[in-house]
Amino acid sequence: MINFSRLWIWRYIRDKLPWYYEVAINRKPAKYLIAARVPVNEKLTELSEDELWREFDRALNDFLELWRRVKYNEVDIRNMPKASPSLLDLTAEITRRMIRHCEFCEWRCRVDRVGGKRLGVCMLDSTSRVSTYFHHLGEELPLRGVMGSGTIFFTSCNFRCAFCQNADISRDRFNGVVMNPRQIASAAVILRLEGVHNINWVGGEPTPHLHNIVETIRLIANQGIKVLEGLSNDEYDAVLSVKADFIPYNFSRDWASYDNELNVPMLWNSNFYMTVETTKLLRVLMDIWLPDFKYGNNKCAFRISRIPRYFEVVSRNHKLVYDWGEDMIIRHLVMPGHVEDDSKPVLKWIADNMPGVLVNIMDQYRPENETDPDSPRFNPEFRELARRPSREELMEVYRYARDLGLNFELISFEKRIDIKYLGDEDSLIERLDNL
Ligand code: SF4
């Protein structure tokens with residue numbers, strides 16, 4: 001882990017991701033280890049859903065106070081016993097109730113996904129399929145570090161983006177293998193023992209899998225490495241069958257431990273179309289957030305991703321998480337022909353509402369799926385998206401972001417700028433222009 005903490009980028013952005021950094025190097029416990037020490041009402045199963053939420057709001061205050069004290073070294077949770085039941089048990093119980101009238105995301109389908117007789121927009125019952133998981137070496141430098149981001153890809157999605165680059169996962173709900181929370185926890189534990197710097201919950205979209213992710217994290221908190229012991233041979237084979245690392249990694253408990261407990265930062269990599277209820281539950285579990293902010297207006301969002309009320313929902317969630325003082329990196333994908341309608345309004349909104357936040361302005365859009373003229377799925381309605389963004393469009397967005405004072409250059413350009421020139425950050429765009 002020494003190499004991770006010596007990455008050049010920490011000199012410039014450590015103050016933006018302070019909690020994540022400390023958990024990644026095991027100097028602080030992940031939030032789930034703190035939540036596991038917050039006691040809640042013992043009769044959870046007897047409480048109504050409204051009563052569970054009232055209990056959550058009460059326990060959340062206790063959690064936030066304990067988290068604050070941990071941050072400022074006023075308390076050492078290693079001296080505190082785990083609670084039973086804990087805030088993690090309460091969070092799991094709430095998701096078990098919510099899925100009977102699913103309102104995990106703002107589609108609010110209100111279907112009972114247990115048994116799966118009626119499905120919502122995401123087309124999922126209560127089971128989760130993992131398409132693949134591995135050390136992701138392509139994420140932003142603070143996330144991929146030196147050993148990768150431990151990325152777990154769930155199938156299906158609540159969006160229908162015409163250009164989706166993961167359509168094999170997001171549009172095929174039967175992709176991958178069914179995994180129960182113990183199997184998912186085992187995959188996460190294996191990744192952390194192999195040195196990843198975080199567990200990256202993604203898809204498709206992770207939100208429809210909230211109940212299984214919460215249960216997974218509860219298992220990791222309570223059992224740590226022992227989750228592996230509870231697997232049958234068949235379950236273990238299924239876990240290994242979708243691990244997609246081509247190089248073997250060594251195991252080390254030193255990479256994965258806070259004292260004797262399994263410790264790893266949890267990362268929410270999402271389209272951010274969650275309900276406020278879901279976002280609140282995630283607040284006690286996620287150590288860092290990686291939201292997409294694609295569209296600056298609802299018309300484009302509905303036409304291209306078939307999603308209603310995009311801007312108010314996604315901007316609301318960004319602001320919530322920012323105002324909570326959480327660590328986050330926002331991703332904005334520049335789309336061809338959408339600089340004025342989408343990139344500029346999104347970046348302006350971020351500058352006005354989330355000053356100082358890290359932003360990754362992404363240039364890797366390429367035509368895929370319904371926007372790819374060579375695909376049988378090509379839809380001429382999306383003709384303007386059938387190319388990559390031009391150099392002029394990208395530079396226009398970069399300059400606009402710089403004029404707004406956004407904090408985006410190091411995160412966005414780190415793979416292309418020679419780090420020996422760092423220190424002269426204002427000129428990164430000009431240097432890029434000359435490459
Ligand atoms: S996760 Fe969202 S899309 Fe899926 S059933 Fe629930 S509310 Fe509907």
Side-chain angles (χ1 to χ4, degrees), residues 49-50 52-53 56 91-131 152-162 164 166-176 178-181 184 200-217 266-283 285-286 289-295 298 301-318 320-321:
E49 202 170 329
D50 283 346
L52 287 174
W53 276 111
F56 181 87
T91 306
E93 182 64 26
I94 290 175
T95 61
R96 277 195 287 274
R97 306 283 183 97
M98 276 175 83
I99 200 171
R100 306 304 297 244
H101 54 93
C102 188
E103 296 180 75
F104 288 169
C105 82
E106 281 290 355
W107 279 107
R108 292 191 185 268
C109 302
R110 297 191 176 93
V111 292
D112 181 354
R113 289 171 51 195
V114 178
K117 286 195 181 129
R118 283 185 60 217
L119 301 177
V121 171
C122 62
M123 302 294 286
L124 292 169
D125 59 18
S126 61
T127 55
S128 285
R129 283 175 176 262
V130 172
S131 165
I152 300 179
F153 287 88
F154 291 96
T155 56
S156 200
C157 191
N158 50 356
F159 280 27
R160 299 285 184 275
C161 302
C164 183
N166 283 338
D168 55 330
I169 301 172
S170 64
R171 300 232 182 152
D172 177 6
R173 64 193 168 108
F174 297 117
N175 191 311
V178 174
M179 280 206 206
N180 60 39
I184 303 169
N200 183 338
W201 303 104
V202 71
E205 168 61 30
T207 301
H209 303 272
L210 177 72
H211 56 304
N212 286 328
I213 292 172
V214 168
E215 184 59 25
T216 294
I217 294 174
M266 297 291 169
L267 183 161
W268 192 247
N269 184 349
S270 160
N271 59 33
F272 249 43
Y273 199 67
M274 307 90 72
T275 53
V276 171
E277 300 92 298
T278 293
T279 314
K280 274 170 67 175
L281 297 176
L282 292 169
R283 186 180 186 185
L285 303 173
M286 292 300 139
W289 307 71
L290 186 62
D292 280 340
F293 204 152
K294 283 189 182 68
Y295 298 109
N298 288 341
F302 193 76
R303 185 172 81 84
I304 300 170
S305 291
R306 301 280 182 245
I307 199 80
R309 298 191 303 119
Y310 176 88
F311 195 83
E312 44 270 46
V313 170
V314 171
S315 62
R316 175 199 71 198
N317 289 342
H318 276 75
L320 257 186
V321 172

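Position 1 is the first residue of the sequence, and the numbers go up from there. As the structure is a computational prediction, the values presented were derived from the model and not from experiment. Atoms within each ligand, like the ligands themselves, are counted from 1 in listed order.
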Which segment of Arg110 sits under 4.0 Å of ligand 1 when only heavy atoms are counted: neither
For atom 2 (Fe) of ligand 1, the protein heavy atom that lies nearest, with its residue and separation: Cys105 SG, 2.4 Å
N, O or S atom of Cys102 closer to atom 6 (Fe) of ligand 1 than 2.8 Å: yes
Nearest non-hydrogen protein atom, atom 4 (Fe) of ligand 1: Cys122 SG, 2.3 Å
Glu106 and Arg316: CA distance, side-chain angles, deciding distance, salt bridge (charged side-chain N to carboxylate O under 4.0 Å, His left out) verdict: CA-CA 12 Å; Glu106 281 290 355; Arg316 175 199 71 198; 3.0 Å; yes
Salt bridge flag under 4.0 Å for residues Arg96 and Glu93: yes
Short side-chain donor-acceptor distance under 3.5 Å, Thr155 and Asn175: no
Arg113 to ligand 1, any heavy atom closer than 4.0 Å: yes
Residues Glu205 and Asn158: side-chain donor-acceptor under 3.5 angstrom: no
Residue, atom name and distance, where the atom is the protein heavy atom closest to atom 8 (Fe) of ligand 1: Cys109 SG, 2.3 Å
Tyr310/Phe272 aromatic ring centres below 6.0 Å: no
Atom indices of ligand 1, in the order listed, that fall short of 4.0 Å to a heavy atom of Gly120: 5 (S)
Neighbour count above 12 (heavy atom, 6.0 Å) for Arg118 CZ: no
